[in-house]
Amino acid sequence: QTTDSAGRAAFTTIYPGWYQGRATHIHVDVSVNGRSVKVTQIAFPEEVTAAVYRTGVYAGRGQNTTSNA
């Protein structure tokens, strides 16, 4: 997502699913002028993740057993 003149970016996404052995997260790649300057992950508060995974299509998969810790 490209930033505005103040350096802010906004985007809409779905809440991520999960896979065995990893806490729920999304990957972020920050680029400046087409060059990657930071690759990281963002985790979510566990109480939020648990609430999401109890609803809708997420409920069938169950809860992630790997915590942020």
Side-chain angles (χ1 to χ4, degrees):
Q1 185 69 19
T2 303
T3 59
D4 65 14
S5 62
R8 295 178 299 229
F11 57 93
T12 302
T13 187
I14 60 170
Y15 204 82
W18 62 274
Y19 52 95
Q20 189 65 37
R22 295 296 306 269
T24 301
H25 65 282
I26 58 173
H27 294 258
V28 178
D29 185 346
V30 178
S31 298
V32 176
N33 296 324
R35 188 174 133 264
S36 179
V37 296
K38 180 70 174 178
V39 176
T40 191
Q41 298 171 18
I42 299 173
F44 299 89
E46 290 177 352
E47 62 276 6
V48 172
T49 296
V52 170
Y53 290 167
R54 285 191 296 268
T55 65
V57 297
Y58 297 97
R61 175 92 161 101
Q63 296 292 318
N64 187 349
T65 56
T66 304
S67 71
N68 290 341

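A quick note: this is a predicted structure, and the numbers were derived from the prediction, not measured.
Here the straight-line distance linking atom OH of Y53 with atom OH of Y15 works out to 6.0 Å at 0.5 Å rounding. Here OG1 of T40 is found 10.0 Å from NE2 of H25. Values are rounded to the nearest 0.5 Å.
Clustering ILVMFWY residues whenever any of their side-chain heavy atoms sit less than 4.5 angstrom apart, transitively, puts I42 in the very cluster that holds W18. Note on I14: it clusters hydrophobically with I26, by side-chain heavy-atom contacts below 4.5 Å among ILVMFWY residues. Placement of V37 and V28 within a single hydrophobic cluster is found when ILVMFWY residues are connected by side-chain heavy-atom separations under 4.5 Å, directly or transitively.
Listed by first and then second residue, the salt bridge (Lys or Arg N to Asp or Glu O under 4.0 Å) pairs that reach into residues 8-31 are D4-R8, sequence neighbours excluded. Pairs of residues two or more places apart, or lying in two chains, that qualify as side chain to side chain donor-acceptor pair (under 3.5 Å) and include a residue from residues 54-69 are T24-N64. Sequence neighbours left out, not one pair with a member in residues 32-43 passes salt bridge (Lys or Arg N to Asp or Glu O under 4.0 Å).
Scanning both residues, S31 and S36, for their nearest heavy atoms gives OG-CA, 4.0 Å.
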